[in-house]
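Here is the structure we will look at, set down as structure tokens.
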Protein chains: 2
Amino acid sequence: MSSQRKLYDLAGADTELRFSPYCWRVKLAMAHKNLNFETVPWHFTDKDVIAFAGTGKVPVLVDDGKVVHDSQDIAEYLEAAYPNEPTLFNDHATRGLTKFIKNWAERTLHPAIGRLVLPGIFAILHPKDQPYFRKTREAAYGETIEEIAAKREQYRPAFEAALVPIRTTLTEQPYIAGTGPSYADHIVFGALQWGRKTSTEPLLGEDDPISLWMHALLEGYGLTG
Amino acid sequence: MSSQRKLYDLAGADTELRFSPYCWRVKLAMAHKNLNFETVPWHFTDKDVIAFAGTGKVPVLVDDGKVVHDSQDIAEYLEAAYPNEPTLFNDHATRGLTKFIKNWAERTLHPAIGRLVLPGIFAILHPKDQPYFRKTREAAYGETIEEIAAKREQYRPAFEAALVPIRTTLTEQPYIAGTGPSYADHIVFGALQWGRKTSTEPLLGEDDPISLWMHALLEGYGLTG
């Protein structure tokens with residue numbers, strides 16, 4: 001049984017040492033599906049060993065004669081080939097995954113945007129709110145509003161970095177949640193709309209896939225924003 | 001109809017300017033559920049205006065006499081109160097959300113870990129692999145392995161920052177995907193296992209919620225790692 005399922009698995013000089021993040025994904029995914037497998041230690045330069053798979057990189061899975069490479073393709077293959085085993089993409093996981101995206105938005109995306117827009121927000125607040133905002137935000141960010149404003153260009157790379165997973169996802173599928181919007185889209189939209197409404201200069205190009213998605217969301221819901 | 005549903009919505013000195021990320025989440029969520037609503041402009045210091053809700057922050061929703069505050073609680077309330085309207089947590093969104101987490105892992109988490117472990121990986125590679133690894137990774141990271149090693153302490157904060165959404169999520173629920181593991185867990189595990197296997201010093205404390213989750217995953221699958 002197990003001899004029919006082989007995973008070419010990246011190894012160090014010590015072939016017991018297996019450290020590829022992509023191979024580990026696949027090993028857990030196979031275990032999740034109750035599949036036995038053996039691993040074949042593979043070194044970066046053993047290109048000829050996996051040439052039969054049409055790739056130069058592991059993971060490469062050989063499952064009863066079928067050859068699949070690329071961890072994402074292997075996960076999709078396993079899900080399709082073993083539908084009666086536990087699913088890798090449990091429908092009911094949506095709420096849990098949305099919670100992760102909420103935490104990412106609040107702990108990574110919000111601070112990254114905040115450092116670019118806080119001075120702009122201060123400027124557009126009702127004067128009665130300004131002392132409150134200054135006190136609470138300077139405590140939260142550990143810098144004065146003027147210090148944050150002066151370091152805007154220093155803070156820009158963290159903002160750009162935080163956008164990358166959003167933009168990458170939106171070039172692969174129309175919404176964060178896939179083919180249609182869900183609450184995860186609303187969470188990420190909220191963060192970016194906060195930036196859009198308060199930044200003194202545009203944070204995103206008009207033809208950025210993120211801008212187009214924001215526009216599509218508003219339009220789909222019949223909201224002006 | 002709309003007069004029965006009111007959202008207290010953060011405003012600037014110009015009360016037409018609405019910029020709270022949390023209020024925008026709720027506005028999109030209500031639009032998603034085809035619910036009419038009116039918004040009440042609210043300023044940070046108008047604490048007395050929303051004291052009836054038992055909070056000092058917006059969003060506060062008053063829906064036909066029911067009072068709900070905190071955007072996450074409002075989303076859960078809307079989902080429960082309007083089950084016949086489009087869901088905010090579409091079960092079939094799991095695949096889409098997993099794609100976002102994949103992109104986040106590969107574009108944020110992997111580079112953050114990579115900058116800490118690349119020199120360690122180089123050291124444990126088969127000697128025949130070392131020139132290949134040096135060439136490809138130095139091109140990808142834009143620095144020599146020795147430069148990356150020298151800047152380890154500089155790179156540590158980005159790693160710590162990338163862990164925050166993972167750790168926060170795992171203190172709220174046992175797996176990234178919620179009550180049970182899914183492929184999103186495998187993706188994030190793979191990244192951290194890569195670090196764990198190759199770092200010259202422990203990247204995580206043994207009692208870190210992330211370490212406990214990694215251990216639980218391996219044990220649940222009967223894997224050694």
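Lettering of chains follows the sequences in order, A, B, ..., and the numbering in each one begins at 1.
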So do E160(B) and V164(B) actually touch side chain to side chain, heavy atoms under 4.5 Å?
-> no
Side chains of L204(A) and M214(A) in contact at under 4.5 Å (non-hydrogen atoms) = yes
Taking M30(B), H92(B), Q193(B), K102(B) one by one, which has the highest count of heavy-atom pairs under 4.5 Å against chain A?
-> Q193(B)
Atom group of T168(B) that falls short of 4.5 Å from chain A, counting heavy atoms | both
Side chain from CB out, backbone as N, CA, C, O: work out which of these in L170(B) comes under 4.5 Å of a heavy atom of chain A, or both, or neither.
-> neither
Between S182(B) and T98(B), is any pair of side-chain heavy atoms under 4.5 Å apart?
-> no
What residue, out of R196(A), K47(A), E79(A), has the most heavy-atom pairs lying under 4.5 Å from chain B?
-> K47(A)
Contact winner vs chain A - L10(B), T87(B), V188(B), N90(B), heavy-atom pairs under 4.5 Å | N90(B)
In terms of heavy-atom pairs under 4.5 Å with chain B, the winner among G222(A), A184(A), P181(A) is P181(A)
Partner chain A: residue of A93(B), A162(B), G178(B) with the largest heavy-atom pair count (under 4.5 Å) | A93(B)
What part of Y175(B) is in contact with chain A, defined as an atom under 4.5 angstrom from a non-hydrogen atom: side chain, backbone, both or neither?
-> neither
In terms of heavy-atom pairs under 4.5 Å with chain A, the winner among I101(B), D185(B), V117(B) is I101(B)
Best-contacting candidate, R18(A), Q130(A), R107(A), against chain B by heavy atom pairs under 4.5 angstrom = R107(A)
Of all of A177(B), S71(B), G12(B), which one pairs up most often with chain A through heavy atoms under 4.5 Å apart?
-> A177(B)
May I ask you to decide if the ring planes of H110(B) and W194(B) are parallel, tilted or perpendicular, using 30° and 60° as cut-offs?
-> tilted
Under a 4.5 Å cut-off applied to non-hydrogen side-chain atoms, are W213(A) and I176(A) in contact?
-> yes
Interface moiety of T198(A) toward chain B, non-hydrogen atoms closer than 4.5 Å | side chain
Contact class of L125(A) relative to chain B, heavy atoms under 4.5 angstrom = both
When rounded to the nearest 0.5 angstrom, what distance separates CH2 in W42(A) from OG1 in T15(A)?
-> 14.5 Å
For I113(B), is it the side chain, the backbone, both or neither that has a heavy atom under 4.5 Å from a heavy atom of chain A?
-> neither
Using a cut-off of under 4.5 Å on heavy-atom pairs, state which of F133(A), F100(A), F189(A) scores highest against chain B.
-> F100(A)
Option in T179(A), I187(A), V26(A) with maximal non-hydrogen atom pairs under 4.5 Å from chain B = I187(A)
Count the heavy-atom pairs under 4.5 Å between each of L88(A), D129(A), T45(A) and chain B, then report the option with the highest count.
-> D129(A)
For E201(B), look at atom CD and say whether over 12 heavy atoms of other residues, nucleotides or ligands are found less than 6.0 Å away.
-> yes
Is any NZ, NE, NH1 or NH2 atom of the basic residue among E106(A) and R25(B) found under 4.0 Å from an Asp or Glu carboxylate oxygen of the other?
-> yes
By a 4.5 Å heavy-atom criterion (distance strictly below it), what part of L217(A) contacts chain B: side chain, backbone, both, or neither?
-> side chain
Would you call the rings of Y132(A) and F44(B) parallel, tilted or perpendicular, where under 30° means parallel and over 60° means perpendicular?
-> tilted
How far does CG of L163(A) sit from CG of L203(A), to the nearest 0.5 angstrom?
-> 8.5 Å
Which answer fits L97(B), side chain, backbone, both or neither, if we ask what part of it has an atom under 4.5 Å from a heavy atom of chain A?
-> both
What heavy-atom pair brings Y221(A) and A31(B) nearest, and what distance separates the two atoms?
-> CB-CB, 3.6 Å
Specify which of K197(B), H43(B), K99(B) makes the most heavy-atom pairs with chain A at under 4.5 Å.
-> H43(B)
Between CD of E38(B) and CG of D9(B), what distance do you get to the nearest 0.5 Å?
-> 11.5 Å
Side chain, backbone, both or neither: which part of L192(A) has an atom under 4.5 Å from a heavy atom of chain B?
-> neither
Would a distance-only check, ignoring hydrogens and angles, find a side-chain to backbone donor-acceptor pair under 3.5 Å from H69(A) to L61(A)?
-> no
